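Treat the numbers as computed from the prediction; the structure is a model and nothing was measured. Values reported hereafter were calculated over all heavy atoms of this structure, with side chains retained and with hydrogens, waters and symmetry mates removed.
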Amino acid sequence: MATAYSEATDPYCLRAQERHALLQGHPWRRFVVLGDSVAEGLCEPVDGYSEVQWADRIAAELRARAPELVYRNLGLRGLRADQVRASQLGPALEFEPDLALVVCGGNDAFRPGYDPAAVDAEITRMVEALQHAGATVITVGMFDVSHSPAVPEPRRAGLGRRLRRLAEHTRAVANRLGTVHVHLTDHPLTADPSIYSSDGRHGSARSDAVAAAETLRSLAHHLGATSADRSSPR
């Protein structure tokens with residue numbers, strides 16, 4: 001998949017100066033990732049972009065500022081939200097994370113029988129358990145893959161509605177529970193074919209680069225807001 005940009009010139013990716021400034025002095029030392037194939041990392045190569053996967057990119061940037069950071073990725077392709085919770089939450093808690101990324105529900109939304117309330121409940125259980133254990137939790141509304149050219153036209157509208165419903169429900173859960181939420185569904189690139197893989201289900205190396213940039217910016221904003229809140233008069 002060719003684009004008009006490389007990662008070094010892409011306006012939606014991190015610039016070198018920005019990368020150096022973001023997350024200086026961050027507090028996290030144990031980063032865990034829970035989820036499906038998006039978490040595991042299944043992006044298709046794009047000329048000019050690193051093939052480092054989204055979660056691995058985040059871990060690398062965190063580790064660049066805290067070399068002692070320990071990272072564990074539990075993500076596994078094909079899992080629905082209830083399967084992510086059942087198989088990954090226990091190991092994630094045993095890891096004793098102070099930062100956790102939870103991304104799931106996409107495999108549920110790919111099915112016409114998608115149950116938003118059931119997925120919300122699973123995400124809520126994971127987020128609350130991780131927060132109770134002391135972790136800052138990142139949640140995500142992913143790019144709307146119904147825009148991928150590889151999605152058959154008859155499926156496009158229904159899939160798009162379900163994916164957007166998932167994103168809005170996840171954002172509502174995030175607002176209620178106070179996670180660091182990364183909403184990519186309405187990103188300017190969401191309808192750009194260069195961010196999707198040829199399988200019609202996953203992203204490209206460009207989408208992982210952009211998603212990582214937005215996640216790191218959200219974490220930096222969270223740190224800034226937390227610092228401002230601590231310094232404000234009571």
Side-chain angles (χ1 to χ4, degrees), residues 31-44 51-59 71-93 95 97 99-130 135 137-148 150-151 155 158-171 173-174 179-185 187 190 195-205 207-212 214-215:
F31 175 40
V32 71
V33 176
L34 300 81
D36 51 28
S37 57
V38 177
E40 179 185 355
L42 293 179
C43 73
E44 193 165 88
E51 293 183 28
V52 178
Q53 311 285 339
W54 171 44
D56 293 350
R57 286 172 175 270
I58 297 167
Y71 166 50
R72 185 175 184 189
N73 191 334
L74 299 167
L76 184 64
R77 69 196 71 183
L79 298 186
R80 299 186 302 275
D82 64 319
Q83 295 170 318
V84 172
R85 193 264 310 156
S87 63
Q88 297 177 18
L89 180 57
L93 293 172
F95 181 73
L99 180 65
L101 168 62
V102 177
V103 55
C104 61
N107 289 314
D108 300 81
F110 259 86
R111 301 165 182 257
Y114 161 57
D115 182 347
V119 174
D120 291 355
E122 298 294 352
I123 294 174
T124 295
R125 289 177 67 181
M126 286 185 275
V127 170
E128 288 182 334
L130 290 160
V137 180
I138 308 164
T139 52
V140 185
M142 289 305 299
F143 293 110
D144 178 2
V145 75
S146 71
H147 290 289
S148 168
V151 174
R155 296 183 55 203
L159 177 60
R161 284 192 296 270
R162 294 193 301 275
L163 290 173
R164 287 181 172 276
R165 193 173 185 189
L166 170 64
E168 290 305 323
H169 274 247
T170 303
R171 181 158 61 176
V173 170
T179 70
V180 178
H181 188 63
V182 185
H183 186 73
L184 298 170
T185 315
H187 191 278
T190 202
I195 69 167
Y196 298 111
S197 71
S198 58
D199 69 1
R201 295 183 69 93
H202 300 102
S204 69
S207 77
D208 274 29
V210 173
E214 293 300 327
T215 305

**Fill in**
Residues Asn73 and Ala39: closest non-hydrogen pair is ND2-O, 2.9 Å

**Item:** Residue Arg77 excluded, over 12 heavy atoms near CZ under 6.0 Å
**Value:** no

**Message:** Between the side chains of Asp208 and Arg57, is the shortest nitrogen-to-carboxylate-oxygen separation below 4.0 Å, so that they form an ion pair?
**Reply:** no

**Asked** What's the shortest heavy-atom distance between Arg162 and Phe110, and which atoms?
**Response** NH2-O, 3.4 Å

**Message:** Quick check: closest heavy atoms across Ala150 and Ser198, and the distance to 0.1 Å?
**Reply:** CB-O, 3.4 Å

**Message:** Quick check against the 3.5 Å criterion: does Ser197 have a side-chain atom that pairs as donor or acceptor with the backbone of His202?
**Reply:** yes

**Message:** For Ser87 versus Leu79, what's the shortest heavy-atom pair and its separation?
**Reply:** OG-CD1, 3.9 Å

**Message:** Looking at Glu168 and Arg165, is any side-chain nitrogen of the basic one under 4.0 Å from a carboxylate oxygen of the acidic one?
**Reply:** no

**Message:** Measuring from atom CD of Gln53 to atom OG of Ser37, what distance do you get when rounded to the nearest 0.5 angstrom?
**Reply:** 10.5 Å

**Request:** Give, for atom CG of Leu42 and atom OG of Ser204, the distance between the pair rounded to the nearest 0.5 Å.
**Result:** 13.0 Å

**Message:** Please give me the minimum heavy-atom distance between Thr179 and Val137, naming the atom from each residue.
**Reply:** CB-O, 3.3 Å

**Request:** Among Glu122, Arg80, Arg85, Met126, find the one that has a side chain to side chain contact (heavy atoms under 4.5 Å, CB included) with Cys104.
**Result:** Met126

**Item:** Separation between CG of Leu101 and CH2 of Trp54, rounded to the nearest 0.5 Å
**Value:** 4.5 Å

**Asked** Is it the case that Arg201 and Asn107 place a side-chain donor and acceptor less than 3.5 Å from each other?
**Response** yes

**Prompt:** What do you reckon, are the aromatic ring centroids of Tyr196 and His147 less than 6.0 Å apart?
**Reply:** no

**Fill in**
Exactly one candidate in Val33, Leu130, Leu34 meets side chain to side chain contact (heavy atoms under 4.5 Å, CB included) with Pro97; the answer is Leu130

**Prompt:** How long is the span from the CZ atom in Arg161 to the OH atom in Tyr114, to the nearest 0.5 Å?
**Reply:** 13.5 Å

**Heavy-atom closest contact (Val38 atom, Val103 atom, distance)** = CG1-CG2, 4.0 Å

**Request:** Starting at CG of Leu166, measure out to CG of Asp108 and round the result to the nearest 0.5 Å.
**Result:** 8.0 Å

